[in-house]
Amino acid sequence: MKTQFIHPDLCQNREASTVYQNVQSLCKLHAQASQGNNTTALAPLLQQHCAELLRKSGHPASFQELLAIIQSLLILQCLLVLDERTDDGPYSETISTMLSNVGRRLWQQAPIQLSHTLSPREAWLFAESVRRTIIVAFMLRSVYSLLKRNYSVRTPFVDSLPFDVRTPLWDTEHEDWDDTTPVSLENMVSLQQYSTLLESGAVHGISPFSALILAACKGKAVSDVPYPPVTGYKTY
């Protein structure tokens with residue numbers, strides 16, 4: 001129940017919990033089908049569930065449910081897009097547009113203020129989950145285009161998407177979280193800014209999500225990053 005854009009501590013909402021449980025069941029089926037080299041037979045079921053999630057996203061009970069729906073939709077699209085055995089159709093502009101639309105919908109409908117009942121850790125995880133989900137939607141869109149058409153297009157909207165550079169906080173447990181640390185806009189950078197920092201070797205301790213950004217935005221693996229002097233590191 002955890003990915004680089006879905007955090008298990010945010011799955012407590014009743015409506016959202018049901019959505020996550022359904023997609024988790026489909027992931028288990030896909031894992032079993034992969035062992036038997038038979039994921040092609042599962043593709044229609046995944047596509048059907050994607051269509052159901054897309055319809056449900058038009059009238060969610062809450063923003064939390066909308067977030068869960070879109071995150072689940074992205075998970076299923078990963079299974080369909082990245083599985084070579086099921087991904088044998090031509091490029092579909094409909095899929096590309098859908099991935100763009102769900103990312104923009106989250107961006108447009110995200111709450112301006114978070115509930116005061118959330119702890120600093122819960123508030124950070126929620127906000128960061130929204131930001132990461134938007135980023136992943138556009139990353140997956142780019143990957144889909146790259147796989148199908150051998151090229152990918154970046155836009156100013158994608159490059160300007162913000163997130164928190166303190167990526168290790170995603171894996172910080174309750175007992176290690178410092179609630180006295182104020183949230184500061186100084187920790188927010190654009191996707192383009194951060195990917196450039198990563199490429200130049202200015203970030204110390206690249207997290208898995210940072211590695212994903214480096215690969216998606218710069219086409220490089222962590223091992224390709226130059227090793228700078230310790231004084232040149234950013235302390236993220």
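Residue numbers run from 1 in the order of the sequence given.
A continuous path of hydrophobic side-chain contacts links Val158 to Leu147 [ILVMFWY only; heavy atoms under 4.5 Å]. Residue Ile135 is grouped with residue Phe157 when hydrophobic side chains (ILVMFWY) are merged at heavy-atom distances under 4.5 angstrom, including chains of intermediate members. Both Leu45 and Tyr20 are members of a single hydrophobic cluster when ILVMFWY side chains are connected at heavy-atom separations under 4.5 Å. The same ILVMFWY cluster, assembled from side-chain heavy atoms under 4.5 Å apart, contains both Val136 and Leu82. Neither Val153 nor Val143 shares a network with the other; the hydrophobic side chains, linked directly or stepwise wherever heavy atoms of I, L, V, M, F, W or Y lie under 4.5 Å apart, form separate groups for each.
Proximity of Leu214 to Ser195: side-chain heavy atoms (C-beta onward) are nowhere separated by under 4.5 Å. Side-chain contact between Pro162 and Val189 is absent, with no heavy-atom pair separated by less than 4.5 Å. At least one side-chain heavy atom of Phe63 sits under 4.5 Å from a side-chain heavy atom of Pro111. Taking the side chain as every heavy atom from C-beta outward, Leu54 and Met98 approach each other to under 4.5 Å. Between Lys56 and Val19 there is a side-chain heavy-atom pair separated by less than 4.5 Å. Residues Ile6 and Lys2 are not in side-chain contact: their nearest non-hydrogen atoms beyond the backbone lie 4.5 Å or more apart. Two residues are said to be in side-chain contact when any heavy atoms from C-beta on lie closer than 4.5 Å; Leu79 and Cys27 meet this criterion.
Judged purely by distance below 3.5 Å, without hydrogens or angles, the side chains of Thr18 and Gln21 never pair a donor atom with an acceptor atom. Looking at Gln71 and Ser129, their side chains do bring a donor and an acceptor atom within 3.5 Å of each other. Donor-acceptor pairing under 3.5 Å is recorded for the side chains of Ser210 and Tyr194.
Geometrically, Arg149 engages Tyr91 in a cation-pi contact defined by less than 6.0 Å to the ring centre and at most 45° from the axis.
The distance from atom CZ of Arg132 to atom CE of Met139, rounded to the nearest 0.5 Å, is 10.0 Å. We find the CG-NE2 distance between Leu66 and His59 to be 11.5 Å, quoted to the nearest 0.5 Å. Summarising the geometry, atom CZ belonging to Phe163 is positioned 11.0 Å from atom CG belonging to Asn187; distances are rounded to the nearest 0.5 Å. For the atom pair NE2 of His30 and CG of Leu76, the computed distance is 9.5 Å after rounding to the nearest 0.5 Å. Separating the CZ atom in Phe138 from the CG atom in Asp159 is a distance of 11.0 Å, to the nearest 0.5 Å. Rounding to the nearest 0.5 Å gives a distance of 9.0 Å between CD1 of Ile206 and OG1 of Thr167.
Side-chain N or O atoms of Tyr144 include one that pairs as donor or acceptor with a backbone N or O of Ser92 at under 3.5 Å. For Ser100 (side chain) and Ser96 (main-chain N/O), no donor-acceptor pair under 3.5 Å exists by modelled atom type.
Val225 and Leu198 make their closest contact through CG1-O, 3.5 Å (heavy atoms, listed as atom of the first residue, atom of the second, distance). Of all the heavy atoms in Thr117 and Glu122, the pair that sits closest is O-OE1, 4.2 Å. In terms of heavy-atom proximity, Ser152 sits nearest to Ser145 at CA-OG, 4.1 Å. Here the closest non-hydrogen pair linking Glu128 and Asp164 is OE1-N, 3.3 Å. Of all the heavy atoms in Leu80 and Cys50, the pair that sits closest is CD1-SG, 4.1 Å. Counting all heavy atoms, side chain and backbone alike, Ile75 lies closest to Val23 at CG2-CG2, 4.1 Å.
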Apply salt bridge (charged side-chain N to carboxylate O under 4.0 Å, His left out) to Lys218 and Asp224, showing your working. CA-CA 11 Å; Lys218 298 298 183 180; Asp224 296 332; over 6 Å; no
Given Leu10 and His7, is the side-chain contact (heavy atoms from CB on, under 4.5 Å) satisfied, shown in steps? CA-CA 6 Å; Leu10 299 178; His7 201 283; 4.3 Å; yes
Can you list the steps and then say if Thr196 with Gln192 is a side-chain hydrogen bond (donor to acceptor under 3.5 Å, both in side chains)? CA-CA 6 Å; Thr196 299; Gln192 191 275 334; 3.3 Å; yes
As a quick check of understanding, evaluate side-chain contact (heavy atoms from CB on, under 4.5 Å) for Arg166 and Trp124, giving each step before the final call. CA-CA 11 Å; Arg166 299 171 298 173; Trp124 186 89; 3.6 Å; yes
Please lay out, stage by stage, how Leu53 and His49 fare under the test side-chain contact (heavy atoms from CB on, under 4.5 Å). CA-CA 6 Å; Leu53 287 172; His49 200 73; 3.7 Å; yes
Full working for side-chain hydrogen bond (donor to acceptor under 3.5 Å, both in side chains) between Ser62 and Glu65: CA-CA 5 Å; Ser62 63; Glu65 185 182 37; 5.2 Å; no
Go through it in stages, so that I can follow the logic: the residues are Gln77 and Ile95, the test is side-chain contact (heavy atoms from CB on, under 4.5 Å), and I'd like the CA-CA distance, side-chain angles, deciding distance and then a yes or no. CA-CA 9 Å; Gln77 284 297 314; Ile95 293 176; 3.8 Å; yes
Evaluate the ring pair (Phe, Tyr, Trp, His ring centres under 6.0 Å) criterion for residues Phe209 and Phe5: first the C-alpha distance (whole Å), next the side-chain angles of each, then the deciding distance (0.1 Å), finally the verdict. CA-CA 8 Å; Phe209 186 68; Phe5 63 102; 8.6 Å; no
All N/O donor-acceptor pairs, side-chain side in residues 101-109, below 3.5 Å, sequence neighbours left out:
from	atom 1	to	atom 2	distance (Å)
Asn101	ND2	Thr97	O	3.4
Arg105	NH1	Ser57	O	3.2
Arg105	NH1	Ser57	OG	2.7

